[in-house]
K.L.:
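One structure follows; several queries about it will come next.
We name chains A, B, ... by the order of the sequence lines, and we start the count at 1 in each one.
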There are 2 protein chains.
Amino acid sequence: MTDTDPSPREVLREEFRIEAPHRELLDQALDKWSLSVLNELCERPCRFNDLRRAIPAVTQKSLTATLRRLERNGIIDRRIVNTRPVAVEYRITPLGKGLRAPIDALLDWANTYLPQIERARDTFDAG
Amino acid sequence: MTDTDPSPREVLREEFRIEAPHRELLDQALDKWSLSVLNELCERPCRFNDLRRAIPAVTQKSLTATLRRLERNGIIDRRIVNTRPVAVEYRITPLGKGLRAPIDALLDWANTYLPQIERARDTFDAG
DNA sequence: CGGAATCCAATGGGATACTG
DNA sequence: CAGTATCCCATTGGATTCCG
């Protein structure tokens, strides 16, 4: 794992640094509720109220916005099931599944270092 | 709590539920400008105006806020160099370096699938 | 059930001006 | 150089109500 190897990311950084479209995409894929939604949908398809129950802190409005955004980016799929009353099922797409590994790496990092970070905060706030 | 044996899926869901402290930490570590800042500081230590030049779109106010937040979490380090006029150098900490791999994985994902995602957006916006 | 519409408060963030 | 301080506007997001 050397830094001398010109990975695609190196090229990306030199040419664009983090370019606006990439930043915008990550903003939408990683925003406040997206991680929780993706986490649920990686487990199983969910209906709207399944997600509300799984993520109690989210409001209906924010959840709707999050789902629309993820759907628009092709990260999740929305399908209407013709039962009565109508059911709507959300599921992760293959494209969205590719996000799982990076997201899990982030969650692992957060989980591992949270205690250390909380100590850093205490130190900072004291000084 | 459950009448039946918890399925592996349910256990998994409990494990991976994103809790508030983790979500807050990721909010702070991955917010609008943090990725760009970390990207720069992974390359080399930077002074305040180095970062402004490297990230032209950021305002001074937002950059200051981003740097304070990262410093408070122990992800970057701020040191005052006693020259005249005073210089301030920011650098990544060992803790912050641990974020590089997950972030790079995200950037690689964004870089790889951005074209596909833009097509998904066009399709969504057309329909 | 799965939203849309509306109102409103809080926040974020840009622009500008000033400072040790 | 490395910020602070202020003003102000746009967006975010919570709460509520209504609908097919």
Side-chain angles (χ1 to χ4, degrees), chain A residues 18 20 23-38 40-41 44-73 76-92 124-125 127, chain B residues 18 20 23-38 40-41 44-73 76-92 124-125 127:
Chain A
I18 298 181
R23 179 65 259 187
E24 182 196 8
L25 171 56
L26 292 180
D27 280 342
Q28 298 190 8
L30 304 177
D31 83 331
K32 186 172 183 185
W33 300 110
S34 292
L35 285 196
S36 297
V37 168
L38 292 177
E40 291 301 318
L41 295 185
R44 66 193 188 290
C46 283
R47 291 168 57 178
F48 189 81
N49 283 335
D50 291 338
L51 290 169
R52 292 193 73 175
R53 278 185 290 273
I55 313 165
V58 74
T59 63
Q60 170 265 319
K61 181 180 170 181
S62 297
L63 180 56
T64 299
T66 300
L67 291 170
R68 287 291 168 281
R69 214 165 26 232
L70 293 174
E71 183 195 2
R72 178 171 182 266
N73 285 285
I76 67 173
D77 181 54
R78 176 183 189 267
R79 65 183 56 177
I80 299 176
V81 184
N82 268 337
T83 54
R84 206 182 54 78
V86 166
V88 177
E89 194 176 80
Y90 295 93
R91 55 179 67 214
I92 194 107
F124 182 92
D125 294 343
Chain B
I18 300 175
R23 180 64 259 189
E24 182 196 8
L25 170 57
L26 292 180
D27 280 341
Q28 298 190 8
L30 303 177
D31 83 332
K32 186 171 183 185
W33 300 112
S34 293
L35 285 195
S36 296
V37 167
L38 292 177
E40 291 304 316
L41 295 185
R44 64 192 187 288
C46 284
R47 291 165 59 174
F48 189 82
N49 284 335
D50 290 338
L51 290 168
R52 292 193 73 175
R53 277 185 291 272
I55 313 166
V58 74
T59 64
Q60 157 273 327
K61 180 180 171 182
S62 297
L63 181 56
T64 300
T66 299
L67 291 170
R68 288 291 169 280
R69 210 161 34 229
L70 292 174
E71 184 195 1
R72 177 171 182 268
N73 286 287
I76 67 173
D77 181 53
R78 177 182 188 268
R79 65 182 56 176
I80 298 175
V81 185
N82 269 337
T83 54
R84 207 186 56 79
V86 165
V88 177
E89 194 176 78
Y90 294 93
R91 55 179 67 214
I92 194 110
F124 183 92
D125 294 344

K.L.:
Taking the side chain as every heavy atom from C-beta outward, state whether A:Q28 and A:E24 have any atom pair closer than 4.5 Å.
P.N.:
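Yes, side chains in contact.
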K.L.:
Would you mind classifying the nucleic acid contact of A:R52 as base, sugar-phosphate or nothing, using non-hydrogen atoms under 4.0 angstrom?
P.N.:
nothing
K.L.:
Which value, rounded to the nearest 0.5 Å, describes the distance between B:T64 atom OG1 and B:W33 atom CH2?
P.N.:
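Reported to 0.5 Å precision, the distance equals 13.0 Å.
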K.L.:
In Å and rounded to the nearest 0.5 Å, what is the OG to CD1 distance from B:S62 to B:I55?
P.N.:
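Those atoms lie 11.0 Å apart.
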K.L.:
Using the heavy-atom set of chain A and a strict 4.0 Å cut-off, write down the first and last nucleotide of DNA chain D that makes it in, 5' to 3'.
P.N.:
D:dG13 to D:dT16
K.L.:
Ion pair present between A:R69 and A:D31, side-chain N to carboxylate O less than 4.0 angstrom?
P.N.:
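Yes, charged N to carboxylate O under 4.0 Å.
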K.L.:
NZ of B:K32 versus P of C:dT11: gap in Å, rounded?
P.N.:
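Taking NZ of B:K32 and P of C:dT11, I get 18 Å after rounding.
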K.L.:
Could you state the CZ-P distance from A:R69 to C:dG3, rounded to the nearest angstrom?
P.N.:
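Nearest whole value for this atom pair: 15 Å.
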K.L.:
Return whichever of B:V58 or A:Q60 has its heavy-atom-nearest nucleotide of DNA chain C closer to the 5' end.
P.N.:
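Its nearest nucleotide lies further toward 5', so the answer is A:Q60.
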K.L.:
A:D50 has an atom CG; how far is it from atom P of C:dC1, in whole Å?
P.N.:
10 Å
K.L.:
For DNA chain D, whose closest nucleotide is more 5', that of A:T59 or that of B:R47?
P.N.:
B:R47
K.L.:
Of all residues at least two apart in sequence or in a different chain, which pass the side chain to side chain contact (heavy atoms under 4.5 Å, CB included) check with B:V88?
P.N.:
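Here the qualifying residues are B:R78, B:I80, B:V86, B:Y90.
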K.L.:
Any base atoms under 4.0 Å from B:R68, or only sugar-phosphate, or nothing? Heavy atoms, all strands.
P.N.:
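Counting heavy atoms under 4.0 Å across all strands, the contact made by B:R68 is with sugar-phosphate only.
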K.L.:
Rounded to the Å, how far apart are B:D31 CG and C:dT11 P?
P.N.:
16 Å
K.L.:
Decide yes or no for A:L70 and A:L41: does some side-chain heavy atom of the first lie under 4.5 Å from some side-chain heavy atom of the second?
P.N.:
no
K.L.:
What is the distance from CG of A:L63 to P of C:dC1, rounded to the nearest Å?
P.N.:
14 Å
K.L.:
Map A:V88 and A:K61 onto DNA chain C by nearest heavy atom, then report which one ends up closer to the 5' terminus.
P.N.:
A:V88
K.L.:
For A:L67 and C:dA4, give me the distance from atom CG to atom C1', rounded to whole Å.
P.N.:
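Taking atom C1' of C:dA4 as the reference, CG of A:L67 is at 14 Å.
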K.L.:
Any salt bridge linking B:D27 with A:K32? Criterion: basic side-chain nitrogen under 4.0 Å from a carboxylate oxygen.
P.N.:
no
